[in-house]
Each structure stands twice: as structure tokens, then as C-alpha cells.
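Notes to accompany the following structure.
Reminder, nothing fancy here: chain letters follow the sequence lines and each chain counts from 1. Side chains included, hydrogens not; waters and symmetry mates left out as well; all remaining heavy atoms used.
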Amino acid sequence: MSVAAPALTPSTASPATPVLAALKDAALVALIAMILAGPIVGLQTYDSGGQLSLNMRFSEVAIGIVVVFFGRLGLALAERGLQPAAFGVGALLIVAGIALPWPTGLLQVLAIAAGVGLVLRGLVSVYGARRHKAALAAAVAESDDEKSERLRRLITRGLGFLLLAAAVLLPMMPFANSYIMDTAIRVLTYMMLAWGLNIVVGLAGLLDLGYVAFYAVGAYTYAILSKEHGFDFWEALPISGMLAASFGIMLGFPVLRLRGDYLAIVTLGFGEIIRIVLLNWASFSGGPNGIGSIPRLTFFGHPFVRNPPEGVTAFHQLFGLDFSPLHRSIFFFYLILVLALVVNVFTIRIRRLPVGRAWEALREDEIACRALGINPTNTKLTAFAIGAMFAGFAGSFFATTQSFVSPESFTFLESAMILAIVVLGGMGSQLGVAMAAILVIGLTEAFRSLAEYRMLVFGLGMVLIMVWRPRGLLSHRDPTIFINRRKGARA
Amino acid sequence: MTTPLLLVEHLTMRFGGLVAINDVSFEARAGRITAVIGPNGAGKTTVFNCLTGFYKPTVGRLTLTRKDGKSFLLERLDDFRITKTAGVARTFQNIRLFAGMSVLENLLVAQHNALMRASGMSLLGLVGWPGYRAAEREAVEKARFWLERTRLMPRADEPAGSLPYGDQRRLEIARAMCTDPALLCLDEPAAGLNPRESAELNELLLMIRNEYGAGILLIEHDMSVVMGISDHIVVLDYGRKIAEGTPAEIRANPDVIRAYLGEDDMEGSAA
């Protein structure tokens with residue numbers, strides 16, 4: 001091509017130039033991959049009878065370079081605005097990944113992952129472009145905006161109901177074994193905790209890194225009350241909640257004037273104090289041995305055991321079923337589902353009340369709140385107390401399902417996990433938090449076979465979500481009240 | 001003469017060795033617009049911060065007397081109580097809206113205390129108590145009133161942060177008015193407004209003064225606003241009051257011209 005040609009005929013030159021540039025880019029990256037992978041992957045040293053030998057794996061290297069070439073080509077095309085081409089390259093990679101015989105599973109997974117990434121990227125940018133266009137159109141026609149808004153709300157709602165239905169039906173599924181039920185209980189426990197923390201962090205904007213302390217308070221309250229004082233679960237539950245709430249207020253008072261990082265550090269310390277007290281006050285909490293053989297929850301007086309003691313009807317006898325250890329899991333599952341839903345409904349309702357709006361206002365601007373006559377002390381303390389109360393409930397539940405509590409269950413990692421769920425879900429979004437709980441707990445469970453590497457996967461997942469959706473899975477905030485819309489449109 | 005709405009006596013505010021306000025006394029009356037003007041750093045915003053409880057004055061007495069005769073010593077109240085019980089509302093020099101919340105929600109947050117009572121500290125509200133629903137409807141109606149006055153009705157359901165600058169200024173005033181103030185303190189409400197917008201602001205402030213009867217205390221650099229609508233002007237310079245009087249008196253005052261308006265007084269005469 002002559003030098004003058006592109007300048008004279010830009011319209012014909014422009015489609016070819018980006019493709020050429022993308023190809024060049026991809027070739028360069030492939031070259032780098034070859035230089036790197038050649039010695040590192042291509043030459044494998046192995047031990048053959050006390051002697052170091054070399055294993056040549058150049059076919060793998062060659063295939064890897066081809067994958068890198070196409071992956072980079074897709075990315076480069078996408079960057080140059082050629083979305084359909086990038087999309088095609090992505091699809092090609094997926095098809096090739098699935099259909100072709102691959103020398104190693106890792107290469108196959110990488111090829112498919114690269115393809116999926118490209119396709120997703122294409123979808124997101126096409127969706128984004130459409131949204132951009134929609135936004136432009138909305139400036140002209142308001143109704144369009146209204147429509148897409150309603151559609152978005154419908155999808156969110158539908159997704160919520162879908163999740164709820166799936167949860168209700170899960171124990172009735174044929175594949176529901178005790179492993180699945182236990183995992184589901186774990187997911188729901190974290191979901192409940194995250195919903196509780198969402199009140200403190202998501203709504204009131206108070207970054208609490210010691211949330212697990214209240215969970216511990218609830219768990220130990222139930223353990224001690226039931227084991228030493230003969231309380232049953234339903235009697236102990238409100239007490240645990242109230243005790244945890246008062247610990248919330250106790251933590252709240254000294255940190256009232258703190259915000260952001262400072263608040264985070266103090267709450268982190270508070271969480272550790274509770275754990276360390278439990279660890280060292282052996283006469284009270286059993287120290288590192290914890291408290292064992294906590295009475296398990298019964299079905300309103302009917303225990304889930306094969307051979308009940310004299311005069312007590314077991315659950316399976318009551319309903320004339322064969323004994324199955326699954327019954328207990330299913331009952332626990334429904335119980336935590338109900339508890340979690342209570343937290344959810346409570347939060348949805350309280351967001352629409354003055355105190356909920358005051359929490360959000362406090363998150364947005366505390367000084368403005370004070371200038372409007374809102375008592376920041378009370379508002380913050382209610383957020384701390386209510387969040388802590390729900391953690392206390394969850395703690396009681398945890399103690400009765402495990403029938404064993406020890407300080408080890410309440411480390412900082414748990415707080416971090418719960419906070420991660422809230423942040424990933426999108427601060428303040430109930431559905432987002434639910435999805436994040438499923439994702440975070442489900443994924444760590446799904447990658448259990450990777451043992452210690454699953455934390456790597458977990459971290460990678462987090463990085464990806466934060467790159468893709470920096471404000472969480474569902475970051476859209478719906479106002480709590482409308483004035484210009486018909487009542488029926490209320491979310 | 002009746003008791004003034006706000007009586008500021010010997011107000012002094014020191015930050016360490018710096019004297020931000022030095023023995024300033026003035027008064028503001030209900031149904032009047034009192035402007036506080038002066039060069040940057042004269043201590044105008046500090047006066048506001050003392051009035052609204054963000055600072056505790058070093059010396060001085062700030063007495064607010066409401067229409068019903070109840071009076072409050074503002075320097076002894078917590079900042080949020082000054083709004084809640086004494087009825088002083090303010091806006092900020094750098095707008096402080098709840099940006100992520102909708103315009104309507106901003107106005108409902110301003111009615112927090114009334115709504116909180118109606119919701120029985122949230123307990124009745126949680127179960128959907130009819131009394132609370134009625135209170136909320138009433139609050140929405142009050143919000144609607146101010147939204148219509150500030151012409152923000154079409155954007156009421158949008159996040160406050162997405163409004164253009166001029167609208168945000170008006171929203172902040174509407175939000176302050178939703179607290180039912182006896183005294184409205186406006187910190188540079190016309191900053192960043194174009195001439196048309198500041199003319200609208202004048203109308204809004206006159207409406208608040210005439211129809212609503214609140215006293216307005218105004219910090220402003222825009223002389224078209226100050227000279228156009230003020231009933232009384234207090235001039236500060238280096239933390240001292242150097243003059244006070246009607247707009248005409250202030251415009252003619254040689255001290256004020258030297259310290260603030262400038263010799264050629266172009267802005268003032270343009271108004």
C-alpha cells in the first residue's frame with residue numbers, strides 16, 4: 001500500500017487498517033508468548049533414575065501460542081471497535097475449546113475461558129452501546145426511559161422470586177443430599193449475616209470489620225443458655241438477639257465520631273477483643289476447647305434422632321416416616337431460610353421508613369444530616385444495634401446446627417468474608433447481596449477440590465467482579481418513594 | 001420594637017491565636033432578609049457555623065426567639081437540636097445534598113423528626129400503621145409544595161446528584177424549608193448561578209419571606225442578589241462588623257466601599 005493511499009481514500013483504508021494493526025498486535029504478543037513459554041513450558045525437567053532429563057513439549061507450546069494469538073487478536077479487535085469480529089474470534093475459541101482434542105486440560109480450559117471472556121466483553125459493550133443509545137433517545141422521549149426502567153425492575157424482581165422459589169423447592173429435589181443441604185445452609189447463614197451487615201455498611205455507610213463479634217455473641221449466648229440453663233432455641237433466640245444488639249450499642253458509642261478507615265480499624269479491634277476474650281476466659285466460654293454438645297434444635301419438641309429417649313416422640317415417628325438424617329438438615333434449611341427472609345423483609349421495609357432514609361442520608365453526608373435536625377448518635381446506634389441483632393440470631397442458629405462453638409469459628413476471616421459478600425453484591429442491594437452470597441460461598445465450596453488454591457480462585461473471582469462491576473453486582477439504587485409515578489410502579 | 005427573631009450579641013470566635021470573629025453583634029427579624037457581606041475570610045461562614053452549632057462560640061450570646069415567644073440560646077444547643085427545636089435551617093457554600101438519594105427523598109429526610117414521631121420510632125411504621133401512612137402522605141405533600149415552588153417537580157424522582165448545579169442550589173433551599181425553619185441561613189446561594197438563575201433565586205427568597213414569613217440570613221457575594229432583595233445588610237471585615245444598614249446606606253458607606261465594594265462600585269450600581 002502506498003503511503004499516500006490511506007490519506008486519499010480514508011473510507012476504503014479504514015476497515016483494513018485496524019484489522020492489520022490488530023493482527024500485528026496479536027502476532028507481537030504471540031511472539032512474546034513464544035519467547036516466554038518456549039523455555040518455561042517447552043522444556044520440562046524430570047527425574048529419571050537420579051538423573052535430570054529433559055522432556056520436550058513443543059506441541060503444547062505451539063498450541064498455547066495459537067491460543068494466545070487468537071485471544072489477543074480478539075481483544076485487539078474489540079479495542080479497535082470491531083466488536084462483531086472480536087465476538088467471532090471468541091466464539092471460535094469456545095468452539096475449538098470444546099470440539100478439538102487438546103493435549104492438556106489446562107490449555108483447553110484457558111482457551112474456553114478466553115473465548116467466554118471475549119464473548120462476554122462483546123455482549124457487555126453491545127449492551128452498553130445500546131444503553132448509551134437508549135439514554136440518548138430518552139433525552140428525546142421520556143417514555144422509553146421509563147420503559148427500560150420498568151423492565152429492569154421486572155427482571156430484578158423476577159430474579160428475586162426465582163431465587164426464592166429455588167430455595168423453597170431445593171430440599172424436595174431428588175439430588176438434595178446432606179452435602180447439598182449443608183452447603184445451602186451455609187450459603188443462607190452467610191446471606192443472613194450479609195443482609196444484616198448490609199444495614200450497617202450498605203445503608204448507614206459505617207464500615208464494620210468486626211461484625212463476626214456479634215455472631216459470636218449470639219452463638220455463645222445460645223450455647224450457654226441452652227446447655228447450662230436449659231433454655232430452648234425459641235427462648236434463647238430473642239435473648240441472643242438482644243444481647244448482640246447491646247454489644248452493638250456498646251461498640252457504637254466509642255466509635256460514633258469515627259468514619260471510614262478509623263472506624264474500620266476500631267471495629268476490627270472490637271471483633272478481635274471478643275474472640276480473644278472467648279479464647280482466654282476458659283471458665284466462662286471453655287477457652288480454645290469451646291463449648292460442645294450443645295442441645296440440638298428439635299422440631300417443636302420432637303428431636304431428629306433414630307431412637308428417642310423414653311416418652312419422647314422423634315420427628316420421623318411423629319410423621320410416620322423412616323428415619324433419615326436429612327430431615328434435620330431440611331428443617332434447619334427452612335429455619336435459616338425463614339430467618340434470612342425476616343432480615344430481608346425487615347430491611348426492605350425499614351429502608352422506606354424515616355430511620356432507613358436517615359441511615360442512607362448519613363452515609364451520603366453526615367454534616368447535612370445534622371443541619372437537618374437528625375440526631376446522628378441515635379441514628380448510628382440503631383444501625384449498629386439492628387445489624388448486630390441479626391448477627392446474634394444467626395449466631396444462635398449456628399450454635400444449634402453445629403452443636404459446638406469455639407473461638408475458631410469467629411476469626412477476622414469470617415468478617416472479611418461477610419463484608420466481601422456485601423461489597424460484591426453492591427452496597428445496599430438486597431438481591432445483589434443474595435447473589436453474591438451464593439457466588440462466594442458456592443464457589444469456594446465448588447472449588448474445594450483445589451484445596452488451598454481455591455483462595456486463589458476466590459481472589460481472582462473478586463478481582464474480576466470488581467473490574468467488571470466496580471460498584472458490585474447490582475449497584476442500582478431504587479428510590480424508596482416516588483411522586484411522579486403511579487403507585488403500581490413502586491418497586 | 002418587638003423582640004428580634006435572632007439576636008447576636010458580642011459574638012467572638014477564636015481558633016487558637018486566630019480571631020475569626022471579633023465582638024460582632026447584629027439582629028435578624030422575621031419576615032426580613034438580612035444579608036451578611038464582606039470580603040473572603042471576613043468570617044461570614046464562621047458566623048453561620050456558630051449559629052447552627054457547628055462551632056461553639058468562644059464568647060457571645062445567640063438568642064433565637066420564635067413567634068410563639070419561646071426563646072433558645074443557640075450557643076448551648078447541639079447542632080442537630082438547633083434545627084430540630086429552635087428551627088434554624090441552613091444551606092452550605094459547597095452544596096451538601098444526599099447525592100445518591102432522589103430529590104423527593106432529600107426532602108423527606110428533612111422532615112425526619114416529624115416522620116419519626118409518626119412512625120412510633122419505626123415500630124408502628126414497620127407494621128404499616130395507618131397513622132404513619134397519613135403522616136408520610138402529608139410529608140410528600142409538603143415536599144410537593146416546595147418542589148413546585150422551586151420548579152423541581154419534573155425531576156423529583158431522580159438522584160439529587162444528577163441535577164444541574166442551579167437546580168441543586170434550589171433543592172438545597174427547598175430541603176432546608178422542609179424543616180419548617182423560623183430562620184433560614186443561606187451560605188452563598190447564588191454562587192455559580194447565571195444571571196437568569198440568580199434572578200429566579202431572588203424571586204424564591206422573596207416568596208419565602210413574604211408568603212412563608214421566615215427570617216432569612218444570607219451570605220452572598222453577588223451584589224445583584226444582595227442589593228436587590230435585602231432589607232438589612234451587615235458588613236464584616238477581618239472578623240469585625242464595619243457597617244450595617246439598608247442597601248442604600250451600605251452602598252454609600254465609604255468604609256464598605258474601601259473594604260469590599262471597591263471604589264468604582266460597578267456591581268452595586270449595576271443592580
Minimum side-chain heavy-atom gap B/R96-A/I367 below 4.5 Å: yes
Greater than 12 external heavy atoms within 6.0 Å of B/F15's CZ: yes
Full working for side-chain contact (heavy atoms from CB on, under 4.5 Å) between B/L147 and A/I483: CA-CA 10 Å; B/L147 285 172; A/I483 196 168; 4.3 Å; yes
A/F253 atom CZ, over 12 foreign heavy atoms within 6.0 Å: no
B/R137 CZ to A/I481 CD1 distance, which is reported to the nearest 0.5 Å: 10.0 Å
Contacting moiety of B/T179, where chain A heavy atoms sit under 4.5 Å: side chain
Contacting region of B/N113 [heavy-atom separation from chain A under 4.5 Å]: side chain
Check ion pair B/E105-A/R477 (N to O, under 4.0 angstrom): yes
Other residues, nucleotides, ligands: >12 heavy atoms within 6.0 Å of B/R66 CZ: yes
Top contributor to chain A interface from B/A89, B/G53, B/S102 [non-hydrogen pairs under 4.5 Å]: B/S102
Residues, nucleotides or ligands: over 12 heavy atoms within 6.0 Å of B/K70 NZ: no
Residue, of A/T382, A/V355, A/I374, that accumulates the most heavy atom pairs under 4.5 Å with chain B: A/I374
Heavy-atom contact with chain A under 4.5 Å, split by part of B/I82: neither
Reported CG-to-CG distance for the pair A/L372 and B/L107, which is rounded to 0.5 angstrom: 10.0 Å
Residues, nucleotides or ligands: over 12 heavy atoms within 6.0 Å of A/E235 CD: yes
Nearest-0.5 Å distance that lies between atom CZ in B/F98 and atom SG in A/C369: 4.0 Å
Whether B/D157 side chain and A/N484 backbone form a donor-acceptor pair below 3.5 Å: yes
Within 6.0 angstrom of B/Y165 OH, more than 12 heavy atoms from elsewhere: yes
Greatest number of heavy atom pairs closer than 4.5 Å to chain A - which of B/H112, B/K84, B/M153: B/H112
Close side-chain approach of B/Y132 to A/L353, heavy-atom, < 4.5 Å: yes
A/R357 versus chain B, the contacting section by heavy-atom distance below 4.5 Å: both
Contacting moiety of B/L108, where chain A heavy atoms sit under 4.5 Å: side chain
Shortest non-hydrogen separation from A/A368 to B/R175 and the atoms involved: CB-NH2, 3.7 Å
